Asks: 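Please read through the structure below; I'll follow up with questions.
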Amino acid sequence: MFYFYNTLTREHELFTPGPIIRMYTCGPTVYDHAHIGNFRAYVFEDLLQRHLEAQGNRVERVMNLTDVDDKTIRGARREGISLDKFTARYKEAFFQDSAALRLRPACATPAATDPENITAMIAMIQVLLDQGNAYVAEDHSVYFRIASFPRYGALAQVDRDAQRSTLRMKHDEYSKEEIADFALWKAWDEEDGDVAWQSPWGKGRPGWHIECSAMATRLLGPHIDIHCGGVDNIFPHHEAEIAQCECVSGTQFVSLWMHCAHLMVNGMKMSKSAGNFYTVRDLRQQGWSGREIRYALLSVHYRMPLNFTLEGIASARQALHRIDEWRTRLEEYLANVPSHTSFSLEKCGAVNVRDFFTALDDDLNISAALGVLFEVIRESHRLLDQNALLPTEVRALLDWWYKVDSVLAIASDSLDGDIPEEVQKLVALRQEARFLKNWDESDRLRDTIAGLGWSIKDSKSEQKLVRQA
RNA sequence: GGCGAGGUAGCCAAGUGGUAAGGCUGGGCUCUGCAAAAGCCCCAUUCGUCGGUUCGAUUCCGACCCUCGCCUCCA
């Protein structure tokens, strides 16, 4: 039983999936490296998809790439290269960063400039024109006629009449019937250079909102189950998408709208225009791993503003380390006392392990879910200390963790990678020195090994090597 | 001005009309040749302020204070 908060109704609603969940997530505009504020939305969407799938649902998700707009055109012109070449760089970077954050790729990542998408946009605009939902202005741009769609404003719950007085007419939009009407097709002008497509209304390029509408309906059909994005997309972007799609299809475009709150830095919204932003690559260069960034973005509920700080990501690192140690303990236990019997674990001590998933069922309550995880960790350590767990129970606990991690995707990749031969030799020497209780030699070797970038943790039976950060 | 989110320990953060999950930090203990690491234990008479309802409110109602976002391209 899923309950999700629907922006459209402003209520938690029961969500009952059909055989396939169709999901559309607004992707990046590829004019620069995406920042971690952008990635917060993608991590939230990834968590949502992974949880739906872990609960046995099939999800078809589409994420668009906006590769033509004012900013991409400006960027390409500034560098004197083609739009394609300019955006290709940032598309590539986006996929790299996404992989670092362990975002599962969407089923399709259509780009606005793909010929089939431009065709779909033009077709959609034509229908809107034919039906009187749009009009061609003097300059051959095409605008959506908001007056023709009374429900406009329902998602953002804005009253159009109240808005009117605060809007200002831009100089280049004088030909609109109403100030709030938005562009479906922008007629070519000097600034666009060679970026243009032919249309029945002359050469130009698509407006931003029609891109998503056309790509979403082309790939997922007229009705979508879940549509996600950041809160700043609610108005006007998603409002416009609803207007366009519902005028064309005559049916409800989206059942469930889910929006995540902003990421803040030092209490302020992170944005490119404000200049106070981190990119994934910035943080990775500073030594933070993708999964640490992922955890930091994941661990605050998606509808709460997240204040990103270095202290916060350091705390994420520690929490992950605790999880790693626990998993290692379980795996080492099973290496000694193997058990392949698998059964579905109900409880670990006093903790009901199912609660992890039921917490997420409730509008992705990640804090409660992580609370369950850490309670299980503490409880199983306690039981293991008392030798009160059976091998089959440890096996089941580990299987539970693998399922949990299919949703969280925060497990460490590999324990430490290959240990260099030189280090291995020194460790062997130290082993001998320790056997002879030659502590001076043992300490000297520990220092030497540390100089090579590996720290040693002695346990009763062995020397554990950990690569220094 | 209109719409919206939020104020819970040093930091992050769940939650409920019946007496405060979890993480990080800090302290203690265990283990240990030392160190490191790890594990366990402890750490809010109190939930922005002031009123009200109630046997009882952090949780419901009202007022107020503060922070932040959207209303223009933005996840």
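These numbers were taken from a predicted model, which means no experiment stands behind them. Naming convention: chains lettered A, B, ... in sequence-line order (proteins, then strands); numbering from 1 in each chain.
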Asks: Please classify the nucleic acid contact of A/A316 as base, sugar-phosphate, or nothing, using heavy-atom distances under 4.0 Å.
Replies: nothing
Asks: What is the nucleic acid contact for A/H262, judged by heavy atoms within less than 4.0 Å: base, sugar-phosphate only, or nothing?
Replies: base
Asks: Looking at every strand, decide which applies to A/L263 at a 4.0 Å heavy-atom threshold: base, sugar-phosphate, or nothing.
Replies: base
Asks: What heavy-atom pair brings A/A112 and A/M121 nearest, and what distance separates the two atoms?
Replies: O-CE, 3.3 Å
Asks: Report the residue (A/E379 or A/C260) whose heavy-atom-nearest nucleotide on RNA chain B is the more 5′ of the two.
Replies: A/E379
Asks: For the residue pair A/D67 / A/Y90, report whether a side-chain donor-acceptor contact shorter than 3.5 Å exists.
Replies: no
Asks: Taking OP1 and OP2 of B/rC40, is either one under 4.0 Å from a side-chain nitrogen or oxygen of A/R322?
Replies: yes
Asks: Using a 4.0 Å heavy-atom cut-off, does A/R329 contact any base of the nucleic acid, only the sugar-phosphate backbone, or nothing at all?
Replies: nothing
Asks: Does the side-chain ring of A/W439 lie flat on the base of B/rG33, meaning centres under 5.5 Å and planes less than 30 degrees apart?
Replies: yes
Asks: Quote, to the nearest angstrom, the C1' distance that separates B/rU58 from B/rU45.
Replies: 13 Å
Asks: Pick the P atom in B/rA5 and in B/rA63, then give their distance to the nearest Å.
Replies: 16 Å
Asks: Across the strands shown, which category fits A/G229 at heavy-atom distances under 4.0 angstrom: base, sugar-phosphate, nothing?
Replies: sugar-phosphate
Asks: From CD of A/E375 over to C1' of B/rA13, roughly how many Å is that when rounded to an integer?
Replies: 14 Å
Asks: Give A/Y42 one of three labels, base, sugar-phosphate or nothing, depending on what nucleic acid heavy atoms sit under 4.0 Å from its own.
Replies: sugar-phosphate
Asks: When the C1' atoms of B/rA21 and B/rG62 are compared, how many Å lie between them, rounded to an integer?
Replies: 31 Å
Asks: Just checking A/H321: base, sugar-phosphate only, or nothing, at a heavy-atom cut-off of under 4.0 Å?
Replies: sugar-phosphate
Asks: So which nucleotide does B/rA57 pair with, by the Watson-Crick or G-U wobble rule with both distances under 3.5 Å?
Replies: none
Asks: Choosing from B/rA38, B/rG15, B/rC24, which nucleotide comes nearest the side chain of A/S315?
Replies: B/rC24
Asks: Report the distance from atom CD of A/E311 to atom C1' of B/rG23, rounded to the nearest whole Å.
Replies: 12 Å
Asks: Just compare B/rG23, B/rG15, B/rG33 and give me whichever is closest to any side-chain atom of A/R430.
Replies: B/rG33
Asks: Which value, in whole Å, describes the distance between the C1' atoms of nucleotides B/rC43 and B/rG28?
Replies: 11 Å
Asks: Name the pairing partner of B/rU30, where a pair is Watson-Crick or G-U wobble with both distances under 3.5 Å, or state none.
Replies: B/rA38
Asks: One pair to check against side chain to side chain contact (heavy atoms under 4.5 Å, CB included): A/E13 and A/S255. What are the steps and the verdict?
Replies: CA-CA 10 Å; A/E13 290 178 355; A/S255 304; over 6 Å; no
Asks: Given atom CZ of A/F374 and atom C1' of B/rC12, what is their separation to the nearest angstrom?
Replies: 12 Å
Asks: Could you tell me the Watson-Crick or G-U partner of B/rA21, where both distances fall under 3.5 Å? Say none if there is no partner.
Replies: none
Asks: What's the closest nucleotide to the side chain of A/D443 if the choices are B/rC71, B/rG33, B/rG4?
Replies: B/rG33
Asks: Select base, sugar-phosphate, or nothing to describe what A/K71 touches, counting heavy atoms under 4.0 Å on all strands.
Replies: base
Asks: Looking only at N and O atoms, is any donor in the side chain of A/R378 or the base of B/rG39 less than 3.5 Å from an acceptor on the other one?
Replies: no
Asks: Please confirm whether any donor atom in the side chain of A/R446 sits under 3.5 Å from an acceptor in the base of B/rC34, or the reverse.
Replies: yes
Asks: C1' atom, B/rG15 versus B/rG7: distance in rounded Å?
Replies: 16 Å
Asks: Could you tell me which nucleotide pairs with B/rG69 by Watson-Crick or G-U wobble geometry, both distances under 3.5 Å, or answer none if nothing does?
Replies: B/rC3
Asks: Going by distance alone, is a donor N or O of one side chain under 3.5 Å from an acceptor N or O of the other, for A/R430 and A/Q463?
Replies: yes
Asks: Does B/rG23 have OP1 or OP2 sitting under 4.0 Å from an N or O in the side chain of A/Q318?
Replies: no
Asks: Nearest whole Å is fine: how far is B/rG6 P from A/L306 CG?
Replies: 15 Å
Asks: Is the count of non-hydrogen atoms from other residues, nucleotides or ligands lying under 6.0 Å from A/E79 atom CD greater than 12?
Replies: yes
Asks: In whole angstroms, how far is the P atom of B/rC34 from the CD1 atom of A/I456?
Replies: 17 Å
Asks: Rounded to whole angstroms, how far apart are CG on A/D458 and P on B/rC34?
Replies: 11 Å
Asks: Using a 4.0 Å heavy-atom cut-off across all strands, classify A/D69 as base, sugar-phosphate, or nothing.
Replies: nothing
Asks: Hey, mind stepping through A/V62 and A/Y24 against side chain to side chain contact (heavy atoms under 4.5 Å, CB included) and telling me if it holds?
Replies: CA-CA 5 Å; A/V62 170; A/Y24 186 86; 3.7 Å; yes
Asks: A/D324 and A/R327: salt bridge (Lys or Arg N to Asp or Glu O under 4.0 Å), yes or no, with the steps?
Replies: CA-CA 5 Å; A/D324 295 345; A/R327 188 190 65 159; 5.7 Å; no
Asks: Report the relative orientation of the aromatic rings in A/F39 and A/F94; use parallel for angles under 30°, tilted for 30 to 60°, perpendicular for over 60°.
Replies: parallel
Asks: Determine the Euclidean distance between corresponding P atoms of B/rG22 and B/rG6; express it in Å to zero decimal places.
Replies: 23 Å
Asks: Out of B/rA37, B/rC12, B/rG4, which nucleotide sits closest to the side chain of A/Q157?
Replies: B/rG4
Asks: Taking N and O atoms by type only, does the side chain of A/N438 place a donor or acceptor under 3.5 Å from a partner on the base of B/rG33?
Replies: no
Asks: NA contact type, A/H259, heavy-atom cut-off 4.0 Å: base, sugar-phosphate, or nothing?
Replies: nothing
Asks: Remember a base hit wins even if backbone is also touched, and classify A/L384 as base, sugar-phosphate or nothing at under 4.0 Å, heavy atoms.
Replies: nothing
Asks: Could you measure between the two C1' atoms, the one in B/rA20 and the one in B/rC34, and give it in whole Å?
Replies: 42 Å
Asks: Could you please name the option among B/rG69, B/rC73, B/rG15 that lies closest to any side-chain atom of A/M264?
Replies: B/rG69
Asks: To the nearest angstrom, how far is A/K176 atom NZ from B/rU72 atom P?
Replies: 10 Å
Asks: Determine the contact category for A/S442: base if any of its heavy atoms lies under 4.0 Å from a base atom, sugar-phosphate if only primed atoms, P, OP1 or OP2 are that close, otherwise nothing.
Replies: base
Asks: Both distances below 3.5 Å, Watson-Crick or wobble geometry, any strand: find the nucleotide opposite B/rC64.
Replies: B/rG48
Asks: Side chain of A/M304 only, please: which of B/rA14, B/rG4, B/rC24 is the nearest?
Replies: B/rA14
Asks: Would you please say whether a donor-acceptor pair under 3.5 Å links the side chains of A/T66 and A/N64?
Replies: yes
Asks: When the P atoms of B/rG27 and B/rA37 are considered, how many whole Å apart are they?
Replies: 12 Å
Asks: Between A/T358 and A/D361, do the side chains contain a donor N or O and an acceptor N or O under 3.5 Å apart?
Replies: no
Asks: Hey, which sits more toward the 5' end of RNA chain B by its nearest nucleotide, A/A369 or A/R382?
Replies: A/A369
Asks: Can you check the A/N352 CG to B/rA21 C1' distance for me, whole Å?
Replies: 15 Å
Asks: From the set B/rA35, B/rG39, B/rA13, return the single nucleotide nearest to any side-chain atom of A/H381.
Replies: B/rG39
Asks: It should be established whether A/R303 places a side-chain nitrogen or oxygen under 4.0 Å from OP1 or OP2 of nucleotide B/rA5.
Replies: no
Asks: Identify whether any heavy atom of A/D385 sits under 4.0 Å from a base atom; if not, whether one sits that close to sugar-phosphate; answer base, sugar-phosphate or nothing.
Replies: sugar-phosphate
